[in-house]
Amino acid sequence: MELKTNYQYTYFIHPFILKDGKYQKYILKMLKNKNCKLRIFQKEKDLKMYQYFLPKTREFLFSSFSFEPTKLKKLEELPIETRAAILSKYQCNIFEYTIKKDIQGKVDDKKGIFFTIPKVEIICFQTGICFLVMKTNIEDDQNFTNILNFNYKFRNINQEVTKLDAYDNIRLQTGDFSDIETFREFIRNITGSDIEHMKLDIDTERFLTYSYVCIDQEAWNSTNEFETIKHNFIKYANLLPADNSRDLEVEEIVTFSKWKYAKLGFNKLGITLFSSSSDMSNYTILPDEYENQYLYTYLLNLYKKIYLKKLQVEFKNPKQVTKARKKFVDFTKNLWIREITEDEAGTMLNHKMQEVLELEKLYREVKNKYDVLYKNLEIEKNRNVTVAIAIILVISLIFNILNFMVLIKRG
């Protein structure tokens, strides 16, 4: 029997890197874009986000929480170049990209899976690490099979080798995005050149996937155990198509659940949350938490991973070593050792994300490089000090000999 869904959405995430020194210029570009608007977080409106993140992390991610109405008004009245200069001093800026009308498309002419993109955000960190985040919804379709196929196909839409007719991919149907190439152009206009991504060996042709689905309670409830639909969860978590023929029993996946009728699947390609409407909160409360608090927790961990990879590259460049050492110390002190939340589920999720993204391993590799460079620098510093002392002693000895000879002549 076809598995039915009650609610779903999928976020597709595209990391991109700005060239060093271009952060302020990019902020200015966003401010000049009529479709972009700086997202302002407010305590009353975004109370759950405010309460979820600890103060230091909240300050790092959402500096606009500190914008009082008068401060915001003054900021908006400033010349656009001045605004960009001020905003570039903050660690993170988030822009909302407004599409004139929902992007609509379909996968497979026969089945006609229509989708919309109701939300687009551009998240920019001061270090030049950014994320294009797009939320998608499948419209008027309750077939879980179509969600599997949609996620599997859409995440590859940015690949240059993709040919829609041959690949049976997505056809966009809107005045703004008449075909796949115009949609790719939209992405390129935001993310720019891929040179910096390539330096860090980051795959930007496939989107990272962050997905939520709530299936009908008839399939998973007190009498119908999870094991009966486990194969669907494995496909969903591994971003596999519905007709996948691989042996699902050998699929490796990190899972997590603190809820009776909801289970998370983690891998390096993304995160998926598979739930049942047997629990009412799975289509009322949890979807909101997942696409706000937990999504930004995921993005923060992605940021940490990319930043550590960036430091690895900088440590290999002799001209950047000194700055890279300071950056690593600041990163460790201000971000790495800090807890981001006191929320129980959020803390456990954060640790799972770090585990799957192998952040501890990456951090150790960077730290080992830092330690080696630090020891070499100390050795070199000590050598320079020793040489300097030797020179001083020699000069002092010569001076004393000359004084002695003068005294002898006088005597």
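For clarity, every value in this text was computed on a predicted model and none was experimentally measured.
Within 6.0 Å of the NZ atom in K74, the count of heavy atoms belonging to other residues, nucleotides or ligands does not exceed 12. Within 6.0 Å of CD in E77 there are more than 12 heavy atoms belonging to other residues, nucleotides or ligands. Counting non-hydrogen atoms of other residues, nucleotides and ligands closer than 6.0 Å to CG of L47 gives a total above 12. Within a 6.0 Å sphere centred on NZ of K367, other residues, nucleotides and ligands contribute 12 heavy atoms or fewer. For CE of M348, the number of neighbouring non-hydrogen atoms (other residues, nucleotides, ligands) closer than 6.0 Å is greater than 12. Within 6.0 Å of atom NZ in K319, 12 or fewer heavy atoms from other residues, nucleotides or ligands are found, so the atom counts as exposed in its surroundings.
For the side chain to side chain donor-acceptor pair (under 3.5 Å) test, residues two or more places apart in sequence or in another chain that qualify with E358 are K268. For A262, the side-chain contact (heavy atoms from CB on, under 4.5 Å) partners two or more places apart in sequence, or in a different chain, are W259, L273, S275, N282, L286. Residues passing the side-chain contact (heavy atoms from CB on, under 4.5 Å) test with N189, sequence neighbours excluded: K29. In terms of the side-chain contact (heavy atoms from CB on, under 4.5 Å) criterion, residue partners of K25 (sequence neighbours excluded) are, by chain and number, K22. Under the side chain to side chain donor-acceptor pair (under 3.5 Å) criterion, K258 pairs with no residue, sequence neighbours left out. Listed by chain and residue number, F266, K352, E355, V356 satisfy the side-chain contact (heavy atoms from CB on, under 4.5 Å) test with V254 (two or more places apart in sequence, or in another chain).
In terms of heavy-atom proximity, C124 sits nearest to I27 at CB-CD1, 4.4 Å. Here the closest non-hydrogen pair linking T204 and H14 is O-NE2, 3.4 Å. For the pair I80 and K32, the tightest heavy-atom approach, listed with the atom from each and the gap, is CD1-CG, 3.5 Å. The two residues L61 and I94 have their closest heavy-atom pair at O-CD1, 4.1 Å. In plain terms, the two heavy atoms of T272 and A237 that are nearest each other are OG1-CA, 3.2 Å. The nearest pair of heavy atoms linking K235 to A242 is NZ-O, 2.7 Å.
Sorted by first and then second residue, the salt bridge (Lys or Arg N to Asp or Glu O under 4.0 Å) pairs involving residues 293-303 (not counting sequence neighbours) form an empty list. Sequence neighbours left out, the pairs with a member in residues 332-343 that pass side-chain hydrogen bond (donor to acceptor under 3.5 Å, both in side chains) are T332-Y363. Sorted by first and then second residue, the salt bridge (Lys or Arg N to Asp or Glu O under 4.0 Å) pairs involving residues 4-17 (not counting sequence neighbours) form an empty list. Applying the salt bridge (Lys or Arg N to Asp or Glu O under 4.0 Å) definition to pairs two or more places apart or across chains, none involves residues 57-70. The salt bridge (Lys or Arg N to Asp or Glu O under 4.0 Å) contacts involving residues 84-97 comprise nothing, where partners must be two or more places apart or lie in separate chains. Sequence neighbours left out, the pairs with a member in residues 71-92 that pass ring pair (Phe, Tyr, Trp, His ring centres under 6.0 Å) are F67-Y90.
Note that CG of N149 and CG of N143 are 10.5 Å apart. Values are rounded to the nearest 0.5 Å. Between atom CD of residue E360 and atom CG of residue L308 there is a gap of 10.0 Å, rounded to the nearest 0.5 Å. Atom-to-atom distance recorded for F60:CZ and F125:CZ is 5.5 Å, nearest 0.5 angstrom. We find the CD1-CD1 distance between I234 and I229 to be 11.0 Å, quoted to the nearest 0.5 Å. Here the straight-line distance linking atom CD1 of I86 with atom CD of E81 works out to 12.0 Å at 0.5 Å rounding. Atom-to-atom distance recorded for Q51:CD and K48:NZ is 9.5 Å, nearest 0.5 angstrom.
The closest donor-acceptor contact from the side chain of T57 to the backbone of F53 lies at 3.5 Å or more, if one exists at all. Without hydrogens or angle criteria, Y26 side chain to I190 main chain gives a donor-acceptor distance under 3.5 Å. Not a single donor-acceptor pair under 3.5 Å links the side chain of N151 to the backbone N or O of F154. A donor-acceptor pair is defined here as one N or O able to donate and one able to accept, closer than 3.5 Å; such a pair exists between the side chain of Q8 and the backbone of I138. Side-chain atoms of N292 come within 3.5 Å of backbone N or O of D288 as a donor-acceptor pair. Remark: the backbone N or O of T10 is paired with a side-chain donor or acceptor of T136 at under 3.5 angstrom. Between the side chain of Y210 and the main chain of Y290, a donor-acceptor pair closer than 3.5 Å is present. The main-chain N or O of N35 is found under 3.5 Å from a side-chain atom of N33 such that the two form a donor-acceptor pair. Put simply, the side chain of E2 gets close to the backbone of T145: a donor and an acceptor are under 3.5 Å apart. Under a 3.5 Å cut-off, the side chain of S277 and the backbone N or O of D216 do not form any donor-acceptor pair.
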Practice task
Any chance you could lay out the salt bridge (charged side-chain N to carboxylate O under 4.0 Å, His left out) test for R39 and E121, step after step, and finish with the verdict?
Solution key: CA-CA 9 Å; R39 182 174 178 183; E121 284 191 343; 2.5 Å; yes

Problem - ring pair (Phe, Tyr, Trp, His ring centres under 6.0 Å) between Y212 and Y11, intermediate numbers included - result: CA-CA 9 Å; Y212 186 96; Y11 279 83; over 10 Å; no

Handout entry: Check against ring pair (Phe, Tyr, Trp, His ring centres under 6.0 Å), Y50 and F41
Key = CA-CA 9 Å; Y50 185 89; F41 289 85; over 10 Å; no

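Residues Y52 and Y296 place their aromatic rings such that the two centres sit no closer than 6.0 Å. Checked against the 6.0 Å centroid threshold, F144 and Y236 count as a close aromatic pair. For Y97 and F186, the gap between ring centers is short of 6.0 Å.
Checked for salt-bridge contact, R206 and D203 meet the test: a charged N lies under 4.0 Å from a carboxylate O. Classification of E314 and K323 as a salt-bridged pair fails, no side-chain N sitting under 4.0 Å from a carboxylate O. A salt bridge does not link D194 to K199: none of the charged nitrogens lies less than 4.0 Å from a carboxylate oxygen. A salt bridge links R188 with E185; the closest basic N to acidic carboxylate O contact falls under 4.0 Å.
Contact of the L299 side chain with the L302 side chain is registered, since non-hydrogen atoms from C-beta on lie closer than 4.5 Å. Looking at heavy atoms from C-beta onward, L335 lies in side-chain contact with Y303 at the 4.5 angstrom threshold. A heavy-atom distance below 4.5 Å is found between the side chains of F233 and F226. With contacts defined as side-chain heavy-atom distances shorter than 4.5 Å, the pair T255/L264 does not qualify. Considering only heavy atoms from C-beta on, Y9 comes within 4.5 Å of P287 through its side chain.
Aromatic ring pairs are classed by plane angle as parallel below 30°, tilted from 30° to 60° and perpendicular above 60°; the pair F328 and Y370 is tilted.
Taking the centre and axis of the six-membered ring of F95, the NZ or CZ atom of K37 falls outside the cone set by 45° and 6.0 Å.
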